[in-house]
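These notes concern the structure reproduced below.
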2 protein chains.
Amino acid sequence: MMILMPANSPTSLDDEVEIRPPDSRDKILEVAEGLFAYGGYSGVGMRQLAAMVGLSKSALFHHFPTKIDLYEAVLDRVLVRIEHGLNGAAIHEGDPVAQLDAWVDAVVCTLAEDAPAGRLMMRALVDEEPFPAISLGVGANGAEPDRELMIFEVRLAGIVERFGGLLERGIAEGVFRAVPTGDAILNVVGTLVFYFASGDLGEALVGESIFSHSAVSRRRREVSQFIRGGLLA
Amino acid sequence: MMILMPANSPTSLDDEVEIRPPDSRDKILEVAEGLFAYGGYSGVGMRQLAAMVGLSKSALFHHFPTKIDLYEAVLDRVLVRIEHGLNGAAIHEGDPVAQLDAWVDAVVCTLAEDAPAGRLMMRALVDEEPFPAISLGVGANGAEPDRELMIFEVRLAGIVERFGGLLERGIAEGVFRAVPTGDAILNVVGTLVFYFASGDLGEALVGESIFSHSAVSRRRREVSQFIRGGLLA
DNA sequence: TTGCAGACCGACCGGTCGGTCTGTATGATG
DNA sequence: CATCATACAGACCGACCGGTCGGTCTGCAA
């Protein structure tokens, strides 16, 4: 009992000063990210994960109380990276179009950096496996949350909310079409994430690995143009 | 027990004469589609499925030799519906823009008709669970297929190929931007499918069920405008 | 030197997994 | 009537599942 670990990254206000990476824990998260991304929650066994990390299964349960806790930690880890990428981008400078470009480019670059992230995000948004479905707290119609939100859901809600604000400012200024923000957010997220989750299908379509340097730099141009075209007035 | 009505649509009464669909088989496919869509391949057990269908587990194995065969049949079933929707649309009439609109609208309408289809498609495109990854036969760089293609993969390849041809004609006529077709296809597919796979997230964003009549009719307008804006010159 | 905490292992638990085997009720066919 | 295929049910199998338990080893502090 009394398991919840106090020691962890300062969650959000990162910058630097990462104190103590206990190595094993990070390695578990790193390997688990890859496995969960490709196999899904129930497609990955703790024994398999332990073997690939190079630890015993019990060691995993020493670091994470349950499999679900591990899965949540993995999800939160990639969301932290996305948040970090956004914080480092100029998403608050210039007109809404420039902000949109910075936003899109930051997400694309973050997703391009580690391959499993895109698939994992797509799973988190679509899957219903460990937990019923992801939630964002209050919906657009103001329905109150019917259950406790998980850490990564709060983080995701923050990201979505920030993007929704950008959209609404752009619409108010007349730079963007008067789109329903819900549909627009889903369009953008789907476009951004699906490419990096498309794996071999994407490779077959673009003719090379979707994570190769040339494919990513082409992607940065194309997705920006596509989304601008879809949103601008 | 034994509540679900036996009445079933003749699945795809297109063209040919389907002889005698033994009812149970269709029922299994119908229930399995819902379960696989929300739980994923390895998140659904044959016992659970059997219980929900109202049959014994052995009955499932009587109709489908393995779980993977059942999964493939379920995937192929929704692809057949999408294909059917496309065949019934005016995707060969008018200029490329009109064809694009018809194409997009046909897919949206098909996906809006049964809720699990979108999630299942997203899974089929992203998951790596039962089979390594989906393939389309020859890639854009002309690599030959390294393994036997499954039925639904052939069907998917046909659909993608037809859409790629539409894109290229539009580009040749100067109506579409000179986009790399691979990226463009991924953009369109991601935008089209993700909405209907977004579940509670989508509901929170659009403020009502993503399958409600008003949400779907709004979606038809919005996605069409978004994709046209992203593709047109 | 003692004591305690974190990291880790191997064995084991009840339960579930996909899949097989045997048997049987039913309806069509000869 | 006998025969045979279809369409199921129920018992069962070995493998594997997430999770727990007792115990070991190491490092650090008193």
Side-chain angles (χ1 to χ4, degrees), chain A residues 1-9 19-33 35-36 38-75 127-132, chain B residues 1-4 6 8 11 18-33 35-36 38-75 127-132 150:
Chain A
M1 43 304 270
M2 201 50 183
I3 312 223
L4 289 178
M5 54 272 134
N8 209 346
S9 65
I19 27 174
R20 277 285 195 119
D23 202 35
S24 275
R25 196 189 146 94
D26 282 351
K27 195 168 176 181
I28 293 172
L29 288 172
E30 181 76 24
V31 177
E33 179 180 328
L35 286 182
F36 281 137
Y38 289 87
Y41 176 76
S42 56
V44 176
M46 297 297 270
R47 286 159 228 267
Q48 173 193 4
L49 172 58
M52 293 197 63
V53 178
L55 290 176
S56 74
K57 184 166 62 74
S58 332
L60 305 187
F61 285 100
H62 171 73
H63 290 281
F64 304 92
T66 69
K67 186 186 180 184
I68 291 190
D69 287 293
L70 168 60
Y71 187 65
E72 287 184 39
V74 169
L75 287 187
D127 274 20
E128 203 118 2
E129 270 217 63
F131 12 83
Chain B
M1 54 293 276
M2 207 46 182
I3 308 207
L4 290 177
N8 216 342
T11 342
E18 297 248 340
I19 25 173
R20 278 280 184 145
D23 198 40
S24 276
R25 196 188 147 94
D26 282 351
K27 200 167 174 183
I28 293 172
L29 288 172
E30 182 77 22
V31 177
E33 180 181 326
L35 287 182
F36 280 137
Y38 290 88
Y41 177 76
S42 57
V44 176
M46 298 296 271
R47 288 160 226 266
Q48 173 193 3
L49 172 58
M52 294 198 62
V53 177
L55 289 176
S56 75
K57 185 166 61 74
S58 0
L60 305 187
F61 284 99
H62 170 73
H63 290 281
F64 304 91
T66 69
K67 186 186 180 184
I68 292 190
D69 287 293
L70 168 60
Y71 188 66
E72 286 183 40
V74 169
L75 287 187
D127 275 20
E128 202 116 6
E129 270 214 64
F131 12 82
M150 268 158 293

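Just so it is clear: chains get the letters A, B, ... in the order the sequence lines come, proteins before strands, and each one is counted from 1.
The CG-P distance, from B:Asp23 to D:dT6, rounds to 18 Å in whole Å. In this structure, CG of A:Asp69 is placed 14 Å from P of D:dG18, rounded to the nearest angstrom. If you take CG of A:Leu60 and P of C:dA7, they are 13 Å apart, rounded to a whole angstrom. Atoms CG (B:Leu55) and P (D:dT6) sit 17 Å apart, rounded to a whole Å. Distance CZ (A:Phe64) to P (C:dG6): 16 Å, rounded to an integer number of Å.
Proximity note for B:Ser56 (side chain, C-beta onward) versus D:dA9, C:dC8, D:dC8: the nearest is D:dA9.
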Distance-only check: which donor-acceptor pairs under 3.5 Å involve side-chain atoms of residues 51-61 of chain B, not counting sequence neighbours?
unit_1	atom_1	unit_2	atom_2	d
B:Ser56	OG	B:Ser58	OG	3.4
B:Ser56	OG	B:Ala59	N	3.4

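A:Val44 is not listed as a side-chain neighbour of A:Tyr38, based on a closest heavy-atom distance of 4.5 Å or more. The shortest distance between side-chain heavy atoms of A:Tyr41 and A:Val74 does not fall below 4.5 Å.
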Look for any protein N or O under 3.5 Å of an N or O in nucleotides 16-19 of chain C and output each such pair with its distance, or none.
unit_1	atom_1	unit_2	atom_2	d
C:dC17	N4	B:Arg47	NH2	3.3
C:dG18	OP1	B:Val44	O	3.2
C:dG18	OP1	B:Lys67	NZ	2.6
C:dG18	OP2	B:Met46	N	2.9
C:dG18	N7	B:Arg47	NH2	2.8
C:dG18	O6	B:Arg47	NH2	2.5
C:dG19	OP2	B:Lys67	N	2.8
C:dG19	N7	B:Lys57	NZ	2.5
C:dG19	O6	B:Lys57	NZ	2.0

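With values rounded to the nearest 0.5 angstrom, B:Asp127 atom CG is found 5.5 Å from B:Tyr71 atom OH. B:Leu70 CG to B:His63 NE2: the interatomic distance, rounded to the nearest 0.5 Å, is 11.0 Å. Residue A:Met46 holds its CE atom at 11.0 Å from CG of A:Leu35, rounded to the nearest 0.5 Å.
Between A:His62 and the phosphate of C:dA7, there is a side-chain N or O to OP1/OP2 separation shorter than 4.0 Å.
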